[in-house]
K.L.:
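Shown below is the structure under consideration.
Along the sequence shown, the residues carry numbers beginning at 1. None of the values given here were measured: they were computed from a predicted structure.
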Amino acid sequence: MAEQNREEMLVYVGTYTGKEDRGEGIYVYRMHPASGALEFASSVSDIVNPSFLAIHPQKRRLYAVNEVDDFEDSAGGAVSAFSIDPKTGGLTYLNRQSSQGAGPCHLSVDATGKAVLVANYSGGSVAALPIRDDGRLGEATAFIQHRGSSVNPGRQSGPHAHSITIDPTNRYAFAADLGIDKILIYRLDADRAAITPNDEPWTQVHAGAGPRHFAFHPNGKYAYLINELDNTTVAYTYDDAAGTLREVQTITTLPEDFSDTSYCADIHVSPSGKFVYGTNRGHDSIVIFRIDGGTGQLTCVGYESTQGEFPRNFAIDPTGTFLFAANQNTDNIVAFRIDQQTGALTPTGHVTHVRAPVCVKII
């Protein structure tokens with residue numbers, strides 16, 4: 001049965017659309033469990049800039065941002081809902097709702113499948129949308145505008161919510177805001193699709209860091225933030241009763257001898273809980289950190305070229321066997337095998353051509 005479930009793994013790829021050299025929409029692939037090879041299954045083309053995706057916990061629905069600044073003649077982007085065919089993995093459009101802010105770039109579905117949370121990058125805001133019984137989205141039931149700025153005048157003159165991540169208890173949500181160097185913390189009421197500021201409403205990140213993506217350790221005791229602007233990763237211990245973070249370490253994502261321009265993008269913890277991986281756009285690599293199980297602190301154990309340019313996002317399959325790096329500027333997704341003991345990445349030789357791949361999600 002385990003092998004059968006592995007045979008049925010599906011890979012969904014979100015892209016940027018709208019130009020000849022960009023993607024068509026959302027692509028669906030089947031993943032071969034022994035080799036990590038991706039086989040094209042289908043695509044959905046009638047969708048604009050589905051740059052980030054999220055899967056419903058029952059794996060029968062998919063939600064995508066529409067990363068635009070205007071939606072149906074109103075300022076702001078949107079979130080689109082799709083059903084997933086349980087046999088083919090194909091997507092069928094359900095409906096679309098406003099994200100209440102411009103440039104939505106990240107979204108999460110809560111563990112009960114009742115709410116979608118979305119981060120609006122250009123608008124510097126977050127919102128919550130209810131999920132109806134049929135998978136369709138209702139209009140936003142919560143909206144919070146971030147305020148402030150930070151030290152980088154070109155990138156931090158105002159708020160830029162770059163991700164919103166729900167904790168393992170499903171009681172708190174954490175919004176990394178690149179523009180104000182903060183992680184905003186919200187209490188989550190999934191039944192009402194509501195978010196409200198936590199008693200400790202934010203965690204300050206060092207000036208000029210540019211917080212981007214955030215990931216929890218499988219044990220729920222640690223969390224990790226990757227910073228786009230200064231190429232660092234921050235390790236935290238997590239108090240899930242109070243929804244608070246305590247910084248224990250900041251570590252660079254780049255080699256000491258690298259001096260060119262690079263920007264971090266994505267971060268994930270391996271299913272084993274032994275390793276943290278992050279992408280460097282410019283160095284065009286994945287940094288590999290080993291986790292100290294007793295403290296949550298990180299030790300860099302190496303870097304692996306993504307065999308392409310500008311690796312925006314990546315995904316690790318649920319078994320922890322393969323990592324798929326999406327190289328946005330060279331239109332490819334490269335498969336790597338993960339060494340379970342060392343965390344090292346070895347290219348499998350399987351490279352999938354996809355125009356402007358941004359986000360990879362695996363069922």
K.L.:
Considering only distance and modelled atom types, tabulate donor-acceptor pairs under 3.5 Å from the side chains of residues 117-131, sequence neighbours left out.
P.N.:
from: Asn120; atom 1: OD1; to: Ser99; atom 2: OG; distance (Å): 2.8
from: Asn120; atom 1: ND2; to: Ser99; atom 2: O; distance (Å): 3.0
from: Asn120; atom 1: ND2; to: Ser125; atom 2: OG; distance (Å): 3.1
from: Tyr121; atom 1: OH; to: Arg155; atom 2: NH2; distance (Å): 3.2

K.L.:
So among Arg312, Glu67, Gln328, which one has a side chain to side chain donor-acceptor pair (under 3.5 Å) with Ser51?
P.N.:
Glu67

K.L.:
Determine, using ring centers only, whether Phe324 and Tyr29 are less than 6.0 Å apart.
P.N.:
no

K.L.:
Is the side chain of Tyr222 donor-acceptor paired with the backbone N or O of Gly293 at a distance under 3.5 Å, no angle test?
P.N.:
yes

K.L.:
Measure the spacing between NE2 of His350 and CG of Asn332 and express it to the nearest 0.5 Å.
P.N.:
14.5 Å

K.L.:
If Ile, Leu, Val, Met, Phe, Trp and Tyr residues are connected whenever their side-chain heavy atoms lie under 4.5 Å apart, and connections chain through other members, are Ile291 and Phe289 in the same group?
P.N.:
yes

K.L.:
Going only through I, L, V, M, F, W and Y residues with side-chain contacts under 4.5 Å, is there a path from Val205 to Val248?
P.N.:
no

K.L.:
For a side chain to side chain donor-acceptor pair (under 3.5 Å) check, start with the C-alpha distance between Tyr93 and Asp46, then their side-chain angles and the critical distance, and finish with the verdict.
P.N.:
CA-CA 9 Å; Tyr93 173 76; Asp46 189 20; over 6 Å; no

K.L.:
Roughly how far, to the nearest 0.5 Å, is the CG atom of Leu107 from the OG1 atom of Thr165?
P.N.:
10.5 Å

K.L.:
Which residue, Thr348, Leu345, Ile362, Ile338, forms the side chain to side chain contact (heavy atoms under 4.5 Å, CB included) with Phe322?
P.N.:
Thr348

K.L.:
Check for me, please, whether Leu94 and Val109 land in the same ILVMFWY cluster - side-chain distances under 4.5 Å, paths through other members count.
P.N.:
no

K.L.:
Is a side-chain N or O of Gln156 found less than 3.5 angstrom from the main chain of Leu178, in a donor-acceptor match?
P.N.:
yes

K.L.:
Let me see the working for His206 and Asp230 under side chain to side chain donor-acceptor pair (under 3.5 Å), right down to the final yes or no.
P.N.:
CA-CA 10 Å; His206 56 276; Asp230 75 349; 2.6 Å; yes

K.L.:
Check the surroundings of atom CD in Gln58: do more than 12 heavy atoms from other residues, nucleotides or ligands lie under 6.0 Å from it?
P.N.:
no

K.L.:
Return the orientation label for the Tyr186 and His146 ring planes: parallel under 30°, perpendicular over 60°, tilted otherwise.
P.N.:
parallel

K.L.:
Verify, without hydrogens or angle tests, whether Asp167 (side chain) and Tyr172 (backbone) share a donor-acceptor contact under 3.5 angstrom.
P.N.:
yes

K.L.:
Give, for atom OG1 of Thr233 and atom CD of Gln249, the distance between the pair rounded to the nearest 0.5 Å.
P.N.:
9.0 Å

K.L.:
Could you give the distance from CD1 (Ile286) to CG (Asn280), rounded to the nearest 0.5 Å?
P.N.:
9.0 Å

K.L.:
Could you go through the side chain to side chain donor-acceptor pair (under 3.5 Å) check for Thr17 and Arg22 one step at a time?
P.N.:
CA-CA 5 Å; Thr17 64; Arg22 292 193 167 191; over 6 Å; no

K.L.:
What do the steps show when you test Asp110 against Thr112 for side chain to side chain donor-acceptor pair (under 3.5 Å), and what is the final call?
P.N.:
CA-CA 6 Å; Asp110 92 281; Thr112 68; 2.5 Å; yes

K.L.:
Any salt bridge between Asp134 and Arg136, counting N to O under 4.0 Å?
P.N.:
yes

K.L.:
Decide if the gap between the ring center of Phe52 and the ring center of His106 is smaller than 6.0 angstrom.
P.N.:
yes

K.L.:
More than 12 foreign heavy atoms under 6.0 Å from CZ of Arg337: is that the case here?
P.N.:
yes

K.L.:
To the nearest 0.5 Å, tell me how far Arg212 CZ sits from His162 NE2.
P.N.:
3.5 Å

K.L.:
Does any non-hydrogen side-chain atom of Ile144 lie less than 4.5 Å from one of Pro197?
P.N.:
yes

K.L.:
Check for me, please, whether Ile267 and Val287 land in the same ILVMFWY cluster - side-chain distances under 4.5 Å, paths through other members count.
P.N.:
yes

K.L.:
Nearest 0.5 Å please: distance from the NE2 atom of His56 over to the CG atom of Leu62.
P.N.:
11.5 Å

